[in-house]
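Just so you know, these numbers come straight off a predicted model, no measurement behind them. No hydrogens, no waters, no symmetry mates; every other heavy atom, side chains included, goes into these values. Quick note on labels: first sequence line is chain A, next is B, and so on, each numbered from 1.
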Number of protein chains: 2
Amino acid sequence: MSSSDLLLELSHKAMQLLQEDANKIETLIQVQMENLATRKCPLYEEVLDTQMYGLSREIDFAVRAGLLEEADGKQLLAKLERNLAQLYEALAINQNASS
Amino acid sequence: MSSSDLLLELSHKAMQLLQEDANKIETLIQVQMENLATRKCPLYEEVLDTQMYGLSREIDFAVRAGLLEEADGKQLLAKLERNLAQLYEALAINQNASS
């Protein structure tokens, strides 16, 4: 295997791993969205924040290690942040409606 | 550059980055150790825990990405954890002495 092929393979692998971790957070957001009406777990917000922080550190590391373009990392995080903002908005509306 | 040279270079770079992050935590621990007698910042513990979590996620990612041996990652974390345990012990002794 040539060195450029290897770099491509490692970068692909890195992106795949980050995407897996992003998907896990996505699922956490989805589950909480579906449970809006029934129950609200107060720890959800903290768990999500922690997971987002963990992912951002992984992305930052991958960029510094030369396996990921900074723009791709930012895009991955930005997408999750939009979903997270939607969840928090829905939570706030739900809280106002029930109070 | 051959692909094995590239992998070696990337692995070396990864270890260097992780060591840098570990050193930052080490400095945080050191600073708090030196300030034991004068003042105690209640947020220190939380900052250190967060930084340790961030580093553990980076190490985990580097192992999964094939850039780091699992044993080397564990060793890096274990060393910091020992220092952290010493700090917490010193904090506890200091607290008992002043109460």
Exercise for the section: Without swapping roles, check the side chain of S3(B) against the backbone of M1(A) for a donor-acceptor pair under 3.5 Å. Expected result: yes
Handout entry: S56(A) portion near chain B, given a 4.5 angstrom heavy-atom threshold
Key = neither
Exercise for the section: Answer yes or no: does atom CD of E20(B) have more than 12 heavy-atom neighbours from other residues, nucleotides or ligands under 6.0 Å? Expected result: yes
Practice task
To the nearest 0.5 angstrom, please state how far the CZ atom of R57(A) sits from the CD atom of E58(B).
Solution key: 4.0 Å
Handout entry: Heavy-atom side-chain proximity of F61(A) to L18(B) below 4.5 angstrom
Key = yes
Practice task
Decide whether L17(A) and L7(A) are clustered together by the hydrophobic rule: side chain heavy atoms of Ile, Leu, Val, Met, Phe, Trp, Tyr closer than 4.5 Å, transitively.
Solution key: no
Exercise for the section: Say whether L68(B) and L8(B) are linked into one hydrophobic cluster, either directly or through other cluster members, by side-chain heavy-atom distances under 4.5 angstrom. Expected result: no
Handout entry: Student check: side-chain heavy atoms of L67(A) and L67(B) closer than 4.5 Å
Key = yes
Practice task
Tell me whether I59(B) is reachable from Y53(B) by hopping between hydrophobic residues (I, L, V, M, F, W, Y) whose side-chain heavy atoms are closer than 4.5 Å.
Solution key: no
Exercise for the section: Identify whether the distance between the nearest side-chain nitrogen and carboxylate oxygen of R64(B) and D21(A) falls below 4.0 Å. Expected result: yes
Practice task
Check whether any side-chain heavy atom of L6(A) sits under 4.5 Å from a side-chain heavy atom of L10(B), and report yes or no.
Solution key: no
